[in-house]
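Structure record follows, encoded as structure tokens.
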There are 2 protein chains.
Amino acid sequence: MDKLWSALSDSTRRNILLLLHEKDMNAGEIADNFKISKPSISHHLSILREAHLVYSHKEGQTIIYSLNKTTLRDVSRFITLLMK
Amino acid sequence: MDKLWSALSDSTRRNILLLLHEKDMNAGEIADNFKISKPSISHHLSILREAHLVYSHKEGQTIIYSLNKTTLRDVSRFITLLMK
DNA sequence: TGGTTATTTCGAAGTTTATCTAAATAAAGT
DNA sequence: ACTTTATTTAGATAAACTTCGAAATAACCA
């Protein structure tokens with residue numbers, strides 16, 4: 001749970017998740033939506049990947065990232081428990 | 001949203017929320033549930049308070065903390081949106 | 001083989017965070 | 001007034017985090 005929550009604690013990463021909710025994207029496309037450098041975005045993506053919030057697969061020259069909705073259920077469960 | 005998510009990113013703070021879900025507690029009682037010092041717990045409580053995840057009121061000599069479930073709805077909304 | 005494109009890894013700088021002890025504040029009782 | 005109890009604030013330190021530019025890796029094409 002720890003990696004999951006700290007992955008979610010950064011607003012750039014939460015915005016990446018919102019982008020991927022709309023559609024799958026490659027790393028460059030994702031980076032184009034932010035002002036920070038590509039290495040920084042790559043780093044954020046690796047944190048999201050380690051938290052299992054996204055997964056990626058290679059397609060030709062590019063790497064496509066997708067939202068992993070399954071992991072979000074763990075967060076949802078925690079919040080729902082507290083709200084009861 | 002930023003203070004909210006970073007408040008949730010620390011496991012001690014999430015455990016404080018779980019404790020307060022069971023019942024309201026004063027700061028000392030909360031601290032007794034952890035190995036870290038009382039000043040550290042006090043610091044965590046102030047972060048939770050600033051994020052509006054808990055509120056507090058004085059009762060005689062002690063300060064009673066309670067879970068603020070309303071704020072959790074914002075988190076829940078974000079997660080629910082992503083899960084759709 | 002060499003060049004181009006896409007992405008990650010490396011190494012460093014600056015900022016933020018969690019934690020501690022010691023000191024300060026505040027309320028209550030003696 | 002002084003002491004005890006409950007909690008917070010202050011100041012310091014070490015670890016973790018975000019960010020960058022430059023270099024490395026990998027795939028594709030000419």
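Below, chain A is the first sequence line, B the second, and so on; all start at residue 1. All values derive from a computational prediction rather than experimental measurement.
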Heavy-atom closest pair, residues B:Leu20 and B:Ser66: CD1-C, 4.2 Å
Atom of A:Ala7, atom of A:Arg13 and distance for their closest heavy-atom approach: O-NE, 2.7 Å
Using a heavy-atom cut-off of under 4.0 Å over every strand shown, decide if [X] touches base, sugar-phosphate, or nothing.
X	answer
B:His43	base
A:Ile64	nothing
A:Thr62	sugar-phosphate

Contact list for residues 75-84 of chain A, test side-chain hydrogen bond (donor to acceptor under 3.5 Å, both in side chains), sequence neighbours left out: A:Asp74-A:Arg77
Pairs touching residues 30-39 of chain A that satisfy side-chain hydrogen bond (donor to acceptor under 3.5 Å, both in side chains), sequence neighbours left out: A:Ser37-A:Ser40
Between [X] ([atom1]) and [N] ([atom2]), how many Å, whole number?
X	N	atom1	atom2	result
B:Asp32	D:dT5	CG	P	14 Å
A:Trp5	D:dC17	CH2	P	17 Å
B:Lys38	D:dA6	NZ	P	7 Å
B:Ile63	D:dT5	CD1	P	17 Å

Establish, with yes or no, whether the OP1 or OP2 oxygen of [N] is under 4.0 angstrom from a side-chain nitrogen or oxygen of [X].
X	N	value
A:Ser40	D:dT19	no
B:Asn26	D:dT7	yes
B:Tyr65	D:dT8	yes

ring-ring contact (aromatic ring centres under 6.0 Å, His included) pairs, two or more places apart, involving residues 30-84 of chain B: B:Trp5-B:Phe78
Atom pairs, protein N/O to nucleotides 23-26 of chain D N/O, distance under 3.5 Å:
none

Sub-4.0 Å heavy-atom contacts from residues 7-25 of chain A onto DNA chain D, ordered by number: A:Asp10, A:Arg13
[X] with [Y], same ILVMFWY side-chain cluster at under 4.5 Å:
X	Y	value
A:Ile79	B:Leu82	yes
A:Ile64	A:Leu18	no
B:Ile47	B:Met25	no

First encountered from the 5' end of DNA chain D, between A:Ile41 and B:Leu45: B:Leu45
A:Lys69, NZ atom: more than 12 neighbouring heavy atoms under 6.0 Å: yes
DNA chain C: 5'-most and 3'-most nucleotides touching chain A, 4.0 angstrom heavy-atom criterion: C:dT5 to C:dT9
Inter-residue atom distance A:Ser9.OG - B:Asp2.CG, 0.5 Å rounding: 8.5 Å
Name of the residue among B:Val75, B:Leu67, B:Asn68 meeting side-chain contact (heavy atoms from CB on, under 4.5 Å) with B:Thr71: B:Asn68
